[in-house]
J.: 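Following this message is one structure expressed as structure tokens.
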Amino acid sequence: MKLTEILNQNKLSLSFEVFPPKTDTAFDSVKHATEEIAKLRPSFMSVTYGAGGGTSQYTLDIAKNIKANYGVPTLAHLTCVSSTKETVHSKIEQIKAAGIENIMALRGDLTPQLEESDRSKWAYRHAVELIRELKEYGDDFCIGGACYPEIHPESTNQREDIKYLKEKVDAGCSFLTTQMFFDNNLLYNFLYKIREAGITVPIIPGVMPITNGNQVERAIKLSGSFMPQRFKSLVDKFGDTPAAMKQAGIAYATDQIIDLFANGITNVHVYSMNKPDVAAAIQSNLSDILG
Ligand code: FAD
């Protein structure tokens with residue numbers, strides 16, 4: 001099923017993100033965790049793509065398993081910046097052969113090695129180039145792109161970031177998923193600006209439940225997200241007590257999602273990080289709201 005069908009249903013729903021294992025030995029435990037999340041019957045599940053493509057086969061294996069054995073629509077992520085055209089197109093063919101109809105088309109992060117290399121030799125510089133190539137497959141795929149309510153770390157200003165975002169949508173993105181954020185007002189402000197810029201496709205806010213004090217620094221470093229005082233206080237108070245931090249993090253994410261639903265968002269993507277218990281707790285907190 002194409003995600004546009006789900007996103008246009010006007011029904012409140014949650015989707016979950018999982019990531020593939022980095023090694024063969026971790027495969028079974030990751031597969032099991034993703035299956036437990038699939039049993040929650042989310043509206044869809046996304047499977048990330050390891051930076052550089054090293055674990056790309058696992059992305060497909062996990063996505064195929066969720067779709068075939070649990071009937072959950074899947075979104076396979078695909079990055080391009082460190083790949084050749086041949087590798088990317090072979091991956092696209094494999095995704096198609098697996099019957100996966102949704103691709104999250106990403107550039108991927110720049111590694112220090114890439115930063116130092118000659119950009120003129122890169123097969124892909126930006127996600128928009130991958131989106132244009134995916135569009136050449138006709139209606140085979142529903143294509144998604146990433147967006148950044150607090151601007152992408154490499155962007156100098158939001159106006160420029162939104163200009164390039166519009167280019168991705170015009171190239172063929174049918175929906176956009178946001179980077180994590182901890183203050184919903186930043187999302188509402190971003191929505192206003194992108195709608196004003198003529199971007200009309202569905203936006204899926206991405207919410208990251210922070211359930212471990214040690215996760216905070218890494219999450220903020222990766223995303224550059226603003227930490228509201230309310231969230232900082234919670235981490236200060238409970239960050240060193242694992243069970244309390246988990247409960248508080250789940251409650252904070254639940255609260256964010258309720259506010260998003262109350263303000264017109266219909267699907268929220270939860271960065272569930274292969275944690276079925278966290279995904280289940282959030283879904284259970286919202287049981288009557290989701291209906
Ligand atoms: P782009 O859209 O190419 O944007 C990158 C930067 O370039 C931005 O500053 C943008 O403003 C600018 N830009 C865009 N187009 C142009 C242009 N034509 N000319 C000049 N500048 C331009 N990474 C992974 O490795 N695997 C994953 O599975 C993964 N999943 C993600 C899912 C989501 C929802 C998000 C938000 C991010 C994900 N990432 C993933 C991280 C992502 O790869 C990085 O954020 C990366 O740095 C940018 O990817 P992008 O697709 O947004 O790039």
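First listed ligand is number 1; within each ligand, the first listed atom is number 1.
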J.: Evaluate the side-chain proximity of Asp183 to Phe231: yes if any heavy-atom separation is below 4.5 Å, no if none is.
T.: no
J.: Does any N or O atom in Thr48 lie less than 3.5 angstrom from one in ligand 1, N or O only?
T.: no
J.: N/O to N/O below 3.5 Å, does that happen between Lys168 and ligand 1?
T.: yes
J.: Can a donor-acceptor pair be found, under 3.5 Å and without considering hydrogens, that links the side chain of Gln215 to the backbone of Asn212?
T.: yes
J.: With heavy atoms of Tyr271 as the reference, note each atom of ligand 1 found under 4.0 Å away.
T.: 34 (C)
J.: Can a donor-acceptor pair be found, under 3.5 Å and without considering hydrogens, that links the side chain of Lys168 to the backbone of Ala146?
T.: yes
J.: To which of His269, His126, Glu17, Glu160 does the heavy atom nearest atom 4 (O) of ligand 1 belong?
T.: His126
J.: Answer with yes or no whether Tyr124 contacts ligand 1, where contact means a heavy atom under 4.0 Å from a ligand atom.
T.: no
J.: Kindly state each residue pair satisfying salt bridge (charged side-chain N to carboxylate O under 4.0 Å, His left out) with at least one member in residues 220-242, sequence neighbours excluded.
T.: Arg230-Asp255
J.: Give the ring-plane orientation class for Tyr252 versus Phe182, where under 30° counts as parallel, over 60° as perpendicular and anything between as tilted.
T.: tilted
J.: Without swapping roles, check the side chain of His152 against the backbone of Glu154 for a donor-acceptor pair under 3.5 Å.
T.: yes
J.: Only heavy atoms of Thr79, strictly under 4.0 Å: list the atoms of ligand 1 that pass.
T.: 24 (C), 25 (O), 26 (N)
J.: Test your reading of the structure: does Thr177 have an N or O sitting under 3.5 Å from an N or O of ligand 1?
T.: no
J.: Can you confirm, on distance only, whether ligand 1 has an N/O atom lying under 3.5 Å from any N/O atom belonging to Ala127?
T.: yes
J.: Examine Tyr49 and Val88 and state if one hydrophobic cluster contains both, with Ile, Leu, Val, Met, Phe, Trp and Tyr joined whenever side-chain heavy atoms are less than 4.5 Å apart.
T.: yes
J.: If we only count N/O pairs under 3.5 Å, is Ala146 in contact with ligand 1?
T.: no
J.: To which of Leu106, Leu165, Leu75 does the heavy atom nearest atom 39 (N) of ligand 1 belong?
T.: Leu106
J.: Heavy-atom contacts with Asp161 under 4.0 Å: which atoms of ligand 1 show up? List them by number with element.
T.: 8 (C), 9 (O), 10 (C), 11 (O)
J.: Give every donor-acceptor pair under 3.5 Å between a side-chain atom in residues 192-209 and any protein atom, sequence neighbours left out.
T.:
from, atom 1, to, atom 2, distance (Å)
Lys193, NZ, Gln158, OE1, 2.9
Lys193, NZ, Asn189, OD1, 3.3
Arg195, NH1, Ile199, O, 2.9
Arg195, NH1, Val201, O, 2.9
Arg195, NH2, Val201, O, 3.4

J.: Nearest heavy atom to atom 37 (C) of ligand 1: which of Phe19, Tyr148, Tyr49 does it belong to?
T.: Tyr148
J.: State plainly whether the residues Glu167 and Lys163 are in salt-bridge range, i.e. N to O under 4.0 Å.
T.: no
J.: Applying the side-chain contact (heavy atoms from CB on, under 4.5 Å) test to Cys142, which of Leu7, Leu134, Leu3 qualifies?
T.: Leu3
J.: Would you check the N or O atoms of Arg107, main chain and side chain alike, for any that come under 3.5 Å of an N or O of ligand 1?
T.: yes
J.: So which of Glu167, His152, Met104 gets nearest to atom 8 (C) of ligand 1, if we judge by its closest heavy atom?
T.: His152
J.: Using non-hydrogen atoms of the residue, decide whether Gly108 is closer than 4.0 angstrom to ligand 1.
T.: yes
J.: Quick check: does Thr178 get an N/O under 3.5 Å from an N/O on ligand 1?
T.: no
